[in-house]
Amino acid sequence: VKALTGREARAIRTDGHNAAVAVECVESDGQRETIDFDLCVYTGSPAALPRLLPEGALRSVLSRRLSGLKYTPSPLMFFARSRSNWLEHRNLFLCPEDLENWFDPARRALYISGGPGKNGWRPLSVVALTAADAGQFGGRTPAYQAWKEREAEAARATLSAHCPELGDIEILAAASGLTLGDYSLNFGPGIYGKLHSAREAPVLPVTRVGRLALAGQSIVLPGLLGTLVSSALAVGSLCGHQEILEVLR
């Protein structure tokens, strides 16, 4: 397997029969590159797909649906330290009592992980959800910095109230959905990409574009199980489902 990294996909080329044949990339140093392929499995954000393909390659109804998908809320992350070893080598979820609205930012669900420290300090990383979109500030303006500090402090206060065992918590740095977009090339501010819902039909792995299948963002199932099912459907639609089933067995 030849793994190529540090490249940004800019476009997916098709032939005269609306079959995908190549992807245009830009390397980290600005060099342009075209990669030909026989089959393509697209695992990016569904909303970005219509922009990559030639106009009219997808049915207009599908393009509108992909562009209008709901996404998970923006994250607020902060990195801190504490003198308590209560979370050393441990993870902790602080969950709302009502899990029906798990992704409601007002419920202040937190995920905390701790690690080994030195000189009496232990590191903590905290992930929360925020109702505000960091993009509304138009970049890293003073208003954005002030908002980020307020959000981080509110999450820290929630953590301290529920986990007094951690003692005093000192925030060292904070990040938002804007960070994910700029430094992790995440599509949009959502922490998990497309919002998976049992009330919404999944995005199918196949479109009318030949040699191209979608995977990764189209399954309601979470985690590794969702990854396995989604990839099996996508590759099976290109290579034959029976062969994939035999491999999985």
Side-chain angles (χ1 to χ4, degrees), residues 6 8 28 44-45 47-48 68-197 217 222-223:
E8 179 184 353
S28 56
S45 169
L69 291 173
K70 294 182 179 180
Y71 282 74
T72 50
S74 177
L76 188 285
M77 300 166 282
F78 70 83
F79 306 93
R81 65 181 183 176
S82 166
R83 292 197 178 276
S84 170
N85 63 354
W86 188 64
L87 271 182
E88 189 168 342
H89 298 297
R90 296 170 66 190
N91 297 333
L92 175 67
F93 280 100
L94 288 180
C95 306
E97 294 183 2
D98 178 15
L99 296 182
E100 177 68 21
N101 297 310
W102 169 263
F103 282 112
D104 184 353
R107 296 185 175 275
R108 286 289 179 193
L110 300 177
Y111 169 72
I112 311 101
S113 61
K118 58 182 180 180
N119 300 326
W121 292 100
R122 270 79 176 184
L124 296 172
S125 61
V126 182
V127 179
L129 300 178
T130 175
D133 180 5
Q136 67 178 306
F137 299 101
R140 291 177 169 79
T141 62
Y144 163 75
Q145 297 292 346
W147 165 82
K148 187 170 65 172
E149 290 176 7
R150 288 195 305 270
E151 290 288 313
E153 174 56 29
R156 188 204 64 78
T158 299
L159 176 58
S160 294
H162 286 82
C163 301
E165 297 89 347
L166 291 175
D168 292 333
I169 301 172
E170 180 185 352
I171 297 178
L172 303 175
S176 70
L178 185 62
T179 310
L180 294 181
D182 286 353
Y183 294 102
S184 303
L185 296 181
N186 191 50
F187 182 86
I191 186 172
Y192 292 127
K194 177 183 173 295
L195 180 65
H196 294 185
S197 172
Q217 296 268 13

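One is the number of the first residue; the rest follow in order along the sequence.
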Review point. What residues form a side chain to side chain donor-acceptor pair (under 3.5 Å) with Asn91, not counting sequence neighbours?
Key: Tyr111
Practice item. Kindly determine whether Leu110 and Arg156 satisfy side chain to side chain contact (heavy atoms under 4.5 Å, CB included), including the steps that lead there. Key: CA-CA 10 Å; Leu110 300 177; Arg156 188 204 64 78; over 6 Å; no
Practice item. Please report the closest heavy-atom contact between Ala80 and Ile171, naming both atoms and the distance. Key: CB-CA, 4.0 Å
Check your understanding: For Ala155 and Ala128, which heavy atoms make the closest approach, and how far apart are they?
Key -> CB-CB, 4.4 Å
**Study point:** Pairing residues for Ser176 by the side chain to side chain donor-acceptor pair (under 3.5 Å) criterion, not counting sequence neighbours
**Key:** Tyr144
Check your understanding: Looking only at heavy atoms, what is the nearest atom pair of Leu76 and Glu151, with distance?
Key -> CG-CB, 3.8 Å
Point to revise | Residue pairs fulfilling salt bridge (charged side-chain N to carboxylate O under 4.0 Å, His left out) with at least one residue in residues 158-179, sequence neighbours excluded | key: Arg81-Glu170
Study note, to complete from the structure: Taken in chain and number order and not counting sequence neighbours, the residues that satisfy side chain to side chain donor-acceptor pair (under 3.5 Å) with Arg122 are Glu88
Review point. Looking at Ala152 and Ala174, what are the two nearest heavy atoms and their distance?
Key: CB-CB, 4.1 Å
**Study point:** Point-to-point distance, once rounded to the nearest 0.5 Å, from NZ of Lys148 to CE of Met77
**Key:** 9.5 Å
Review point. Hey, are the side chains of Cys163 and Ile169 touching, using non-hydrogen atoms and a 4.5 Å cut-off?
Key: no
Exercise for review: With rounding to the nearest 0.5 Å, note down the distance linking CD1 in Ile112 to OG in Ser82.
Suggested key: 12.0 Å
Review point. What pairs with Arg90 under side chain to side chain donor-acceptor pair (under 3.5 Å), at least two apart in sequence or on another chain?
Key: none
Revision key, fill the gap. Residues at least two apart in sequence or cross-chain that pass salt bridge (Lys or Arg N to Asp or Glu O under 4.0 Å) with Arg150, listed by chain then number, are none
Check your understanding: Atom CZ of Phe78 and atom CG of Leu172: how far apart are they, to the nearest 0.5 Å?
Key -> 10.0 Å
